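Worksheet: one structure, shown below.
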There are 2 protein chains.
Amino acid sequence: MESGAEAAVERKCPIETVIHVLGGKWKPMILWLLVDSTKRFSELEKLIPEVTQKMLAQHLRELENDRLVTRTVYPSVPPKVEYSLSEYGKTLVPVMEVMCEWGETHQRPGSKQAVLAPAIPM
Amino acid sequence: MESGAEAAVERKCPIETVIHVLGGKWKPMILWLLVDSTKRFSELEKLIPEVTQKMLAQHLRELENDRLVTRTVYPSVPPKVEYSLSEYGKTLVPVMEVMCEWGETHQRPGSKQAVLAPAIPM
DNA sequence: GCCCAAGCTTACTTTCAAGTAAGTACCCTA
DNA sequence: TAGGGTACTTACTTGAAAGTAAGCTTGGGC
């Protein structure tokens, strides 16, 4: 309930704040797709086939409460709702890029036994 | 079981990889404390009073499996165990710093109704 | 011979995020 | 009047993460 107050929760560690706003299972993906362009609910559904409507709606609402995305409703029939990154949401993009870069290095697909940091000399 | 294989899990999104390694409730705090200096188990316990021994041990094990921290056992009695950031773990520090910076701005302690991005012009 | 410290492990319980499946509202078209 | 498209909501279930509380090991001091 009252998820609108989430942002006001006092978090001791600022890193946890970032993990909180990005921590939902589909949130990084949603934000990443919105970096390119505004998307409709149904477009996001198609672009993220594994997500359910419930989780997509819930995560979009949380991102909206955290003011990272903007929701625009066009009162037409059938309804049309557009989601886009807010100006504030855009400030997260460089953070996501840094995380992405480290994550890619960390992953190292293909090498099962030496996935981590094989190239760093001790 | 076999938590050593965790790093080999294929994650679609590299950002999720970072969230995974930092995502435990106490992990950012643990890593942050280890940036300064090597710490003993009991020191970490005192520095993070709310953490239980179980969770501290579990998170340290996971961080060790992800090769971010190094565990050194001194076979003395009573036992002495030291944890420190590995060279690889240090590569995460700049990422944490960027996250920390954004998180601090996001938090804005004191202002309850305008916690988020009050200064960005539309 | 008993307790203590340090660094854990184990068994059990609670909490919460996520998934499943179904239903709702709106008007339009056939 | 039946069905379709869009954007959801609601009730219920599952599973993983975290918390609680207790136990274990080892040798040294009292």
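Chain identifiers are assigned alphabetically (A, B, ...) following the order of the sequence lines, protein sequences preceding nucleic acid strands; residue numbering begins at 1 within each chain. Every value quoted in this text rests on a predicted model; they were computed, and no experiment measured them.
Regarding contacts with the backbone of C:dC8, a side-chain N or O of B:R71 is found under 4.0 angstrom from either OP1 or OP2. Distances shorter than 4.0 Å separate none of the side-chain N or O atoms of B:T52 from OP1 or OP2 on D:dA18. OP1 and OP2 of D:dT6 both lie 4.0 Å or more from every side-chain N or O belonging to A:R40. Note on A:H59: a side-chain N or O is less than 4.0 Å away from OP1 or OP2 of C:dA18.
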* Asked: Would A:E62 and A:K27 satisfy salt bridge (charged side-chain N to carboxylate O under 4.0 Å, His left out), going step by step from the backbone distance to the final call?
  -> CA-CA 9 Å; A:E62 286 171 10; A:K27 285 183 186 178; 2.8 Å; yes
* Could you walk me through whether B:E43 and B:K46 pass salt bridge (charged side-chain N to carboxylate O under 4.0 Å, His left out), step by step? => CA-CA 5 Å; B:E43 289 182 278; B:K46 275 165 211 148; over 6 Å; no
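Across the protein-nucleic acid pair, B:E16 atom CD and C:dA18 atom C1' stand 13 Å apart, rounded to whole Å. For the pair A:M55 CE and C:dA22 P, the computed distance is 19 Å after rounding to whole Å. One interatomic measurement links the two molecules: CD1 of A:I19 to P of C:dA17, which rounds to 15 Å at whole-angstrom precision. Between the P atom of D:dG5 and the CZ atom of A:F41 lies a distance of 16 Å, rounded to the nearest Å. As a whole-Å value, the separation of A:R61 CZ from D:dT9 C1' is 8 Å. What separates NZ of B:K25 from P of C:dA17 is a distance of 11 Å, to the nearest Å. What separates NZ of A:K39 from P of D:dT6 is a distance of 17 Å, to the nearest Å. Atom C1' of nucleotide D:dA17 and atom CG of B:L56 are separated by 16 Å, given to the nearest angstrom.
Taking 4.5 Å as the limit, every side-chain heavy atom of B:L85 sits out of range of all side-chain heavy atoms of B:T38.
Comparing A:P78 and B:Q53 against DNA chain C, the residue whose closest nucleotide sits nearer the 5' end is B:Q53. Along DNA chain C, the nucleotide closest to B:S42 and the one closest to A:V77 are compared, and the more 5′ of them pairs with B:S42.
Nearest to the side chain of B:V81, among D:dT9, C:dC8, C:dG19, sits C:dC8. With distances taken from any side-chain atom of B:K54 to the nucleotides D:dG19, C:dC8, D:dA11, the minimum falls on D:dG19. Here the side chain of B:W26 is nearest to one of C:dG19, D:dG19, D:dT9, namely D:dG19.
Heavy atoms of B:Y83 sit under 4.0 angstrom from primed sugar atoms or phosphate atoms, though from no base atom.
Cation-pi geometry between A:K39 and A:Y83 is not met: the NZ or CZ atom fails to fall both under 6.0 Å from the ring centre and inside 45° of the normal.
The shortest non-hydrogen separation linking B:G89 to B:S86 is N-OG, 2.8 Å.
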